[in-house]
Amino acid sequence: MYGSGKLFIGGTWVEPAGTGTIDVVSPHTEERIGQVPEGTSGDIDRAVAAAREAFDHGPWPRMSPTERAAVLGRLSALYAERVQTMAELVTAEMGSPAWFSLGAQAFMPQMVLQYYVDLAASYPWEEERQGLQGPVTVVREPVGVVAAVVPWNVPQFALMLKLAPALIAGCTVVVKPSPETPLDSVLLAEWLTEAGVPAGVVNIVPAGREVGAHLVAHPGVDKVSFTGSTAAGRRIAEVCGRSLKRVTLELGGKSAAVFLEDADLPAAVGGLMGASLANSGQVCAAQTRILLPRSRYDEFAGAVADMVGALKVGDPSAADTLIGPLASRGHRERVEGYIRLGQEEGAKVLVGGLSRPLDRGWYVAPTVFADVDNGMRIAREEIFGPVLTLIAYDDEEDAVRIANDSEYGLAGSVWTADPQHGVEVARRIRTGSCGVNLYSVDPATPFGGYKNSGIGRELGPEGLDAYLEHKSIPRKQ
């Protein structure tokens, strides 16, 4: 049984204020595998107070970036030794297939951490400028206490996008993991202590939505970093706007993969496994609108259906499983509701549908819809599961128009035999990232969205900028 009976606050494991607990249930077996305390508003108050004390009076913000990097370098080394342990835990708590857990749920978070450890040496923490009226020193200082609100789909990766730059910057942090996936944060707390992160610098309180809202609105919090739905992001933005609290929002997506007429069909279809169906489709950047040229529509659609139909669905801990269960019973019902809706809207099911592939576990059959119009709800709303919609376009202008005809703008890809032309097309797609003949997230480059996909950027130097205030100190010679 995984978990802990206490909360990590102020550098120690403390008794929770309430008596509630969160049961963690395996999406594969539907059996309980762990338990943690359910945090209350009182626990949040204690966590924010600990973070406030550590920021206002503790050593962490007063260390040099090099000194902070040395501590986080130890954490990175511990993480690197234990990526398999973290991957297995995330697979157990949310059903992420083992191949994805090892890469994205464990190895990538460690890569992000190490990236910021290394960036500390070259980042311009302080610079001299010649202003129009004389010399000026520009100093970058930590923003303060950060509330990091983490989703259930990629809990470690999303957390590290916030935690690593915040800590390198000198901030202190209160983490609110999703109640579906609190176990990985409990494990990370043990590693933080082992690495020597000072008391109160990181505090972890698993809790539900109402307690999370209390954290976001807390007057002791200087900045909120949230990953989750666009609807929740709007509510958080309103709260932060009223108090002028700094905020970073990484929200929903409905991204397009554009197959140009000259695309290498086997390579393009093979690339959809990572671009569109990774983590069983439970990825905000998943490209689930597949735009196909009308001149080759049947050929391309058949190849996509064949690929999806051949994917092995099953036990997420098995090395050869490509599609695992969805993270919760409720989420499975939501995704099945969209499959039902697609049929009602007149789209054609090429593979998959409502028949469940396994009798036990929260599984949905990977599904491909053909004859989809971009105005259908299944083409406009984020389904967040292994459901692809195939949309025909007339020419390149039409493809770009359809790709941009969305309230979201998080990710995308272009597949073509001419990579340079692919870059030209990618420049015209209004998204925060758009790959050519692949889709990947690189820790050294900014990640985030246009339009309703969010505000601000994570990763790269831009991700560190988000946790810093800029102070100008002019002086008279």
Side-chain angles (χ1 to χ4, degrees), residues 4 6-17 39 41-79 113 116-117 119-121 123 125-126 139-150 159-177 185-206 214-225 243 245-246 248 463-471:
S4 170
K6 297 183 178 182
L7 299 172
F8 187 70
I9 297 176
T12 60
W13 294 96
V14 302
E15 294 291 339
S41 295
D43 294 313
I44 291 293
D45 291 342
R46 282 196 294 170
V48 172
R52 190 82 260 167
E53 174 68 20
F55 184 79
D56 292 341
H57 304 292
W60 191 252
R62 293 155 190 84
M63 291 180 177
S64 69
T66 301
E67 291 171 326
R68 290 194 292 268
V71 176
L72 296 180
R74 293 196 292 272
L75 177 62
S76 179
L78 289 172
Y79 209 128
L113 177 58
Y116 283 108
V117 168
L119 182 63
Y123 188 81
W125 299 99
E126 187 171 316
V139 180
R140 292 167 175 83
E141 299 179 339
V143 71
V145 174
V146 174
V149 183
V150 182
L159 172 56
M160 203 56 74
L161 299 190
K162 308 172 193 317
L163 193 64
L167 294 184
I168 282 291
C171 299
T172 59
V173 184
V174 177
V175 179
K176 204 247 9 131
S185 293
V186 171
L187 179 60
L188 182 64
E190 298 172 359
W191 299 356
L192 289 164
T193 301
E194 191 174 347
V197 175
V201 171
V202 181
N203 309 271
I204 300 173
V205 182
H214 181 71
L215 172 62
V216 166
H218 201 291
V221 169
D222 300 299
K223 175 183 171 66
V224 174
S225 184
S243 59
K245 203 185 300 275
R246 278 70 177 137
T248 299
L464 179 52
D465 294 343
Y467 293 91
L468 295 164
E469 298 280 18
H470 291 67
K471 177 185 288 183

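The first residue in the sequence is number 1, and the count goes up from there. Note: hydrogens, waters and symmetry copies are ignored here, and every other heavy atom, side chains too, is used.
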Which of Asp56, Asn203, Val145 passes side-chain contact (heavy atoms from CB on, under 4.5 Å) with Thr172? Answer is Val145
Would Trp125 and Leu464 count as a side chain to side chain contact (heavy atoms under 4.5 Å, CB included) if you check the C-alpha gap in whole Å, the side-chain angles of each, and the deciding distance to 0.1 Å? CA-CA 11 Å; Trp125 299 99; Leu464 179 52; 3.9 Å; yes
For the student: nearest non-hydrogen atoms of [X] and [Y], plus distance:
| X | Y | value |
| --- | --- | --- |
| Ile9 | Ala50 | CG2-CB, 4.1 Å |
| Ala69 | Ala120 | CB-CB, 3.9 Å |
| Ala47 | Val205 | CB-CG2, 3.8 Å |
| Ala54 | Ala199 | CB-O, 3.8 Å |
| Cys171 | Leu167 | O-CD2, 3.7 Å |
| Ala169 | Pro142 | O-CB, 3.2 Å |

Listed by chain and number, what are the side chain to side chain contact (heavy atoms under 4.5 Å, CB included) partners of Ala195, not counting sequence neighbours? Arg74, Leu75, Leu78
Sequence neighbours excluded, which residues qualify as side chain to side chain contact (heavy atoms under 4.5 Å, CB included) partners of Val186? Ser4, Trp13, Val36
What do the steps show when you test Val173 against Lys162 for side chain to side chain contact (heavy atoms under 4.5 Å, CB included), and what is the final call? CA-CA 9 Å; Val173 184; Lys162 308 172 193 317; over 6 Å; no
So, does Trp60 use its side chain to make a donor-acceptor pair with the main chain of Arg68 at under 3.5 Å? no
Expected output: side-chain Lys245 to main-chain Val221 donor-acceptor under 3.5 Å: yes
Where do Val14 and Lys6 land on the side chain to side chain contact (heavy atoms under 4.5 Å, CB included) test, with the steps shown first? CA-CA 5 Å; Val14 302; Lys6 297 183 178 182; 5.8 Å; no
Given side chains that start at C-beta, do those of [X] and [Y] come closer than 4.5 Å, heavy atoms only?
| X | Y | answer |
| --- | --- | --- |
| Ser185 | Leu159 | yes |
| Leu188 | Leu163 | yes |
| Val149 | Val216 | yes |
| Leu7 | Pro206 | yes |

Assess, by modelled atom type and distance only, whether the side chains of Tyr467 and Thr248 contain a donor and an acceptor separated by less than 3.5 Å. no
Do Asp465 and His470 meet the criterion of a side-chain donor-acceptor pair at a distance under 3.5 Å? no
Side chain to side chain contact (heavy atoms under 4.5 Å, CB included), that's the test. Do His214 and Asp45 meet it? Break it down for me. CA-CA 9 Å; His214 181 71; Asp45 291 342; 2.8 Å; yes
Do the charged groups of Arg52 and Asp222 touch, with an N to O distance under 4.0 Å? yes
